[in-house]
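Convention: sequence-line order gives letters A, B, ...; per-chain numbering from 1.
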Amino acid sequence: MSGEEEENAAELKIGEEFLKAKCLMNCEVAIILEHKYEQLQHMSDGGADQVSQVFEKSQGYVKRFSRYKNPDAVRQVRETLSRYGLHEFELCTLGNLCPDTADEARALVPSLVPGGRFKGDEKIDKMLNDLSLIKKFE
Amino acid sequence: MFFHIILERNMQLHPRHFGPHLRDKLVAKLMKDVEGTCSGRHGFVVAITGVEDVGKGLIREGTGFVTFPVKYQCVVFRPFKGEILEAVVTMVNKMGFFAEAGPVQIFVSNHLIPDDMEFQSGDVPNYTTSDGSVKIQKESEVRLKIIGTRVDATEIFCIGTIKDDYLGIISDPGAAS
């Protein structure tokens, strides 16, 4: 960590570089990697055979743990969640884990609690409800 | 967590590649060099998605090689302490179990498995609650929290826990069969 403050995702301490970078949900990564894999297959020199182990493992992982498969639904999830003033990292954790209750959401994303952005359960409940609706109509 | 991030790298190119396809050569070399690597700082580079900018080349004295600063966008996987994610169990033993989340390995020691779960040896070693309702074995999907990362120059290794609220098994391969 080269003398930086210790990282802790629960308090959104993930280093400046990553705070500025765009976080991706598993379902978004699945779409990106699928697209890239298709591109490689169309390359003349059998590019698809030489994908790295990291690529293969990541692709297997995001396929297995994507909550939403349909690209439109994926876009909708991001749009919906971004209306709640979440940080990117919080948004993606929620999108990946899809908690069922406000309690669960607060346990999984502790950074929701301080700062009073989410006073009471109402706002969180509404957010989770929006998410489950997208899943239902996917 | 996966990130889409912009990184920069100085690429050295042999003069035989100079010509109309210089940029293509540079991008192909970049993908070969960078994809699949891991650095402690940025995590695992999964895939390059685009090249932002290729700067002015600088001829190296003596060799004729030219160094180009290249800015590129890529998808990286970087685990963070305190992050909660889902993973697949790959190995179970009496010390605990190993799980995999994409390219990263996570070890959950038996101290960080709830106390009511006991290790059962046998053909399929597993951790089971006393009433048998919850079982963690190979191929189980678990939700865990990363509590520590060990970062080498070329590898990242994580320690996780499932001893907290809303953590633990999410699907049981034994239950389905």
Residue by residue, scan [range] and write down, ordered by number, those that have a heavy-atom distance under 4.5 Å to chain A; if none do, write 'none'.
{"range": "residues 21-34 of chain B", "result": "M31(B)"}
{"range": "residues 100-125 of chain B", "result": "E100(B), A101(B), G102(B), P103(B)"}
{"range": "residues 48-62 of chain B", "result": "I48(B), T49(B)"}

Most chain B-contacting option - heavy-atom pairs closer than 4.5 Å, from E17(A), Q53(A), Q59(A):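 So the answer, after comparing E17(A), Q53(A), Q59(A), is E17(A).
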
Leading residue by heavy atom contact count with chain B [cutoff under 4.5 Å; candidates L97(A), V109(A), I32(A)]: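 Max contact count across the listed options: L97(A).
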
Residue pair R64(A) / E141(B): nearest heavy atoms and the distance that separates them: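 Looking at all heavy atoms of both residues, the shortest contact is NE-OE2, 2.5 Å.
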
Shortest non-hydrogen contact from I5(B) toward A21(A):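 Where I5(B) meets A21(A) most closely, the heavy atoms are CG1-CB, 3.8 Å.
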
Answer whether the closest heavy-atom distance between the side chains of [X] and [Y] falls below 4.5 Å.
{"X": "Y166(B)", "Y": "T101(A)", "value": "yes"}
{"X": "L85(B)", "Y": "F65(A)", "value": "no"}
{"X": "K36(A)", "Y": "V75(B)", "value": "no"}

Point-to-point distance, once rounded to the nearest 0.5 Å, from [atom1] of [X] to [atom2] of [Y]:
{"X": "F2(B)", "Y": "L33(A)", "atom1": "CZ", "atom2": "CG", "result": "7.0 Å"}
{"X": "E83(B)", "Y": "N8(A)", "atom1": "CD", "atom2": "CG", "result": "11.0 Å"}
{"X": "E28(A)", "Y": "H4(B)", "atom1": "CD", "atom2": "NE2", "result": "10.5 Å"}
{"X": "K20(A)", "Y": "F3(B)", "atom1": "NZ", "atom2": "CZ", "result": "13.5 Å"}
{"X": "L167(B)", "Y": "L108(A)", "atom1": "CG", "atom2": "CG", "result": "7.0 Å"}
{"X": "S58(A)", "Y": "F77(B)", "atom1": "OG", "atom2": "CZ", "result": "7.5 Å"}

Set of residues satisfying side-chain hydrogen bond (donor to acceptor under 3.5 Å, both in side chains) with respect to D72(A), sequence neighbours excluded: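 With sequence neighbours excluded, D72(A) shows a side-chain hydrogen bond (donor to acceptor under 3.5 Å, both in side chains) to R75(A), given in chain and number order.
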
Expected output: side-chain R78(B) to main-chain F18(A) donor-acceptor under 3.5 Å: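 No: the side chain of R78(B) does not pair with the backbone of F18(A).
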
Main-chain N/O of E86(B) paired to Y61(A) side chain as donor or acceptor, under 3.5 Å: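 It does hold such a pair.
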
Interface moiety of S111(A) toward chain B, non-hydrogen atoms closer than 4.5 Å: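 Neither part; nothing is under 4.5 Å.
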
M95(B) atom CE: more than 12 heavy-atom contacts under 6.0 Å: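 Atom CE in M95(B) is not packed in, count stays at 12 or less.
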
